[in-house]
Amino acid sequence: MRTVVEHAAIATVSGPEHRSGHVVLEDDRIAAVGDGTYPGTADERVDATGCLVTPGLVNTHHHLYQWATRGLAADHTLFEWLVALYPVWAKLDAEITHAAGTAGMARLALSGCTTVADHHYVFPSGGGDQVAALVAARERIGLRLHLVRGSMDRGESDGGLPPDSLVETAEEALLGTEAAIDRYHDASPGAHLQIAAGPCSPFTVTERLMADSAELARRKGIRLHTHLAETQDEEKQCLAETGLTPAEYADKLGWLASDVWLAHTVHLAPDAIRRFGATATGSAHCPTSNGRLGSGIAPVRDLLDAGAPVGLGVDGAASSESGGLADELHQALLQARQRGGPTGLTTREALWLGTMGGARCLGRERETGSVEVGKLADLAVWDLNGLNYAGIEDPVAALVLAAPPPLRRLFVGGKTVVDGGRLKSADETVIAGELAKASARLRED
C-alpha cells in the first residue's frame, strides 16, 4: 500500500524543511520525503494544500485511568490532590479503566499523538485485570503504547500517601510487573506495545521496590520510569527520610541512566541537571499539569543544554483536564520563556520536545520522532487552513503558538487513525458514553 501526502509544508524535525513537498508511505514505513509533487504512482494521494506534516507526537507520561476523575480537587496541591483522589481510585475496576483508557487515547489521537507512555500504578483488590483493560483500549484506538506497569508498596501506615488498601506488597508488584513483561512486551522493530517498569514515586514506594524494579527491568531488557522531583513537598520529605534530594536518592539506587526517563523533574539542582546530561537520563516535561497543580516550572532549557533527553507529557487527565498533546507544545514554550526569557525555547525546539525528544525518552528515536526515510509511518497532517492560522507565514509557528489545529489525517504505521478531524478507528459518541457511565460509577457512594 503506497500513500502519498503532497502539497504540504513538511517539518521533518531531523533535517531540511520543505515549504511544499511530499511524503510517501509504503505499508508501515516512510519511503520518500522531498520537495514538490511525487512523480510515481500511488494507491492513494492526499492533497494536503495548506497543511503542515510533522512526525506523530510522542506522549512520554500519562495516567489514562484518571480520565474517569477529571475536574476533582481542582484547587489542591499535589499531595492534597492525591489524598483526595486515592479513595476514589480505590474503586477502579477493569471496565472503568478500559473506558477511561479508551477515551484518553482517543483524545490523544485527535491531538496528533501516535505514541503514548501510560504509567498505571493503581491495582485495587478485586479490580480485575487492569493491564489487559489498557491493552484492549490500545487495540480499539490504534496508537502505539508504552505501558508502564507501576506499583505502590508504601501505604499510610508506612509513611506513604495512599491508603493501605490500595498498595501491593513488593513481591506482588514485582511478580505483576514480570507477568506483564512476559505476556505483552514486544521488543521487535515497529512494536505497537511495550512494557516498562514503573514504581510510582519515592513517597509511595519503598527503597527495596525501587532497587528491585531496576534489577528486574535490566534483567528483562526494558526501560524504567517513575515520578521524581515534582514538588518542594517531595524534596522536603525525601531530605527528611534519606538525607538526600530526590535526584540524589534516585542516583544512589541506579535510577539515573540511559534506560530511565523520569516524570516532571521540576526541582533539580544544577549538579543534578549535569548528572542527567552525563547519564542521558530522560525527563518527561508536563507543563500543563505542573501549572494546574502549582508545582513549578521544570528547567527544560538547562536540561537540553546539558544533553539530557526531554520529551513532553500530558500527565493524568485529573491534573490536566484537556488531555491533548498538541496543547503541551504551546505550554512548554510559554513556561520555558517565563523561566528564561524569550530565548528559553524556540518554536522548533518545542516541536522537537514533542517528537524526537519524546522518542529518545522511550528509546524509539531510530524508529519515530522525525520524518525520515525508513522510519515508521507515524505522521500528523495538521490543517492550517481557516481563520485561526490565516496570515501566519511560518507553519511551525502556527502549530506551536496558535490554537492546536485540527488534523487532516493521523497515520500510525501507515494506517489512518484520524481523518478529517474525526476519529476513524472507533466511534467517539460510544466512547464518550462509556466514559460518562464509568465516571458516574466511580463517584457513587
Side-chain angles (χ1 to χ4, degrees), residues 57-82 84-86 88-89 97 100-101 103-113 115-122 134 143 145-148 150 152 161 196 198-201 203-204 225-231 233-234 246 261-267 282-298 300 303 310-336 350 353-354 357-358 361-362 404:
L57 303 184
V58 178
N59 182 16
T60 58
H61 184 66
H62 212 317
H63 307 295
L64 287 165
Y65 76 90
Q66 291 182 13
W67 265 80
T69 55
R70 290 183 297 165
L72 302 180
D75 303 310
H76 289 46
T77 66
L78 173 66
F79 279 16
E80 293 169 344
W81 177 83
L82 287 169
L85 287 173
Y86 276 136
V88 182
W89 297 336
T97 296
M105 280 190 265
R107 175 70 178 106
L108 285 169
L110 290 165
S111 69
C113 176
T115 300
V116 54
D118 184 57
H119 190 188
H120 190 85
Y121 54 84
V122 177
L134 290 165
L143 302 187
L145 176 63
H146 285 242
L147 180 50
V148 183
M152 299 187 292
L161 287 180
C200 182
S201 63
F203 52 86
T204 59
H225 183 59
T226 192
H227 299 87
L228 195 83
E230 184 174 357
T231 67
D233 287 340
E234 176 190 337
W261 86 104
L262 302 166
H264 301 295
T265 68
V266 173
H267 300 281
S283 171
H285 176 41
C286 304
T288 297
S289 176
N290 292 341
R292 201 268 212 190
L293 293 168
S295 302
I297 300 175
V300 170
L303 285 164
V310 182
L312 295 180
V314 167
D315 203 4
S319 66
S320 174
E321 275 74 8
S322 167
L325 190 52
D327 307 60
E328 304 302 329
L329 304 176
H330 184 73
Q331 292 298 330
L333 181 138
L334 295 185
Q335 286 198 8
L353 293 178
C361 285
L362 301 185

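Starting from 1, each residue takes its place in the sequence as its number.
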Notebook entry, point to check: How far does CG of Asn59 sit from CG of Leu325, to the nearest 0.5 angstrom?
Noted result: 5.0 Å
Notebook entry, point to check: Does any N or O in the side chain of His267 come within less than 3.5 Å of the main-chain N or O of Ala229, such that one atom is a donor and the other an acceptor?
Noted result: no
Check: Under 4.5 Å between any side-chain heavy atoms of His63 and Trp89, yes or no?
Finding: no
Note to self: I need the Thr60 OG1 to His119 NE2 distance, nearest 0.5 Å.
What the structure shows: 12.5 Å
Item checked: Nearest-0.5 Å distance, CG of residue Leu57 to CG of residue Leu329 -> 5.5 Å
Notebook entry, point to check: For Gly311 and Cys361, which heavy atoms make the closest approach, and how far apart are they?
Noted result: N-SG, 3.6 Å
Item checked: All side chain to side chain donor-acceptor pair (under 3.5 Å) counterparts of His225, not counting sequence neighbours -> His61, Trp261
Notebook entry, point to check: How many angstroms lie between OH in Tyr86 and CE in Met152, if you round to the nearest 0.5 Å?
Noted result: 5.0 Å
Check: At their closest point, which heavy atom of Leu228 faces which heavy atom of Pro246, and how far apart are they?
Finding: CD1-O, 3.5 Å
Check: Nearest heavy-atom pair of Gln335 and Thr288: which atoms, and what distance?
Finding: NE2-N, 4.5 Å
Next item on the list: Work out which heavy atom in Ala84 is nearest to a heavy atom in Ala73; give both atom names and the distance.
Entry: CB-CB, 4.2 Å
Item checked: Side-chain donor-acceptor contact under 3.5 Å, Glu80 with Thr77 -> yes
Notebook entry, point to check: Among all residues two or more places apart in sequence or in another chain, which pass the side chain to side chain donor-acceptor pair (under 3.5 Å) test with Asn290?
Noted result: His264
Margin query: If you apply the rule side-chain contact (heavy atoms from CB on, under 4.5 Å), what do you find for Thr97 with His120, and how did you get there?
Written below: CA-CA 10 Å; Thr97 296; His120 190 85; 3.9 Å; yes
Margin query: So which atom in Gly323 and which in Val314 form the shortest heavy-atom distance, rounded to 0.1 Å?
Written below: CA-CG1, 3.5 Å
Next item on the list: Using atom types as modelled and distance alone, determine if a side-chain donor or acceptor of Asp118 lies under 3.5 Å from a backbone N or O of Leu64.
Entry: yes
Margin query: Quick check for you: to the nearest 0.5 Å, what is the distance between Ser295 atom OG and Trp81 atom CH2?
Written below: 9.5 Å
Check: Which residue pairs pass the salt bridge (charged side-chain N to carboxylate O under 4.0 Å, His left out) test with at least one member in residues 325-336, sequence neighbours excluded?
Finding: Arg107-Asp327
Item checked: Test side-chain contact (heavy atoms from CB on, under 4.5 Å) applied to Phe203 and Leu82, step by step -> CA-CA 12 Å; Phe203 52 86; Leu82 287 169; 3.9 Å; yes
Margin query: Quick one, Leu85 and His76 - any side-chain contact, counting heavy atoms below 4.5 Å?
Written below: no
Margin query: Using side-chain contact (heavy atoms from CB on, under 4.5 Å), reason through Met105 and His62 one step at a time and then give a plain yes or no.
Written below: CA-CA 10 Å; Met105 280 190 265; His62 212 317; over 6 Å; no
Check: If you look at every heavy atom in Ala298 and Thr265, which pair is closest and at what distance?
Finding: CB-O, 4.0 Å
Next item on the list: With sequence neighbours left out, write down each residue that passes side chain to side chain donor-acceptor pair (under 3.5 Å) with Thr226, or none if nothing qualifies.
Entry: none
Next item on the list: Please identify each residue that fulfils side chain to side chain donor-acceptor pair (under 3.5 Å) with Ser320, with sequence neighbours left out.
Entry: none
Item checked: Ala332: partners by side chain to side chain contact (heavy atoms under 4.5 Å, CB included), with sequence neighbours left out -> His285, Pro287, Leu312, Leu345, Leu353
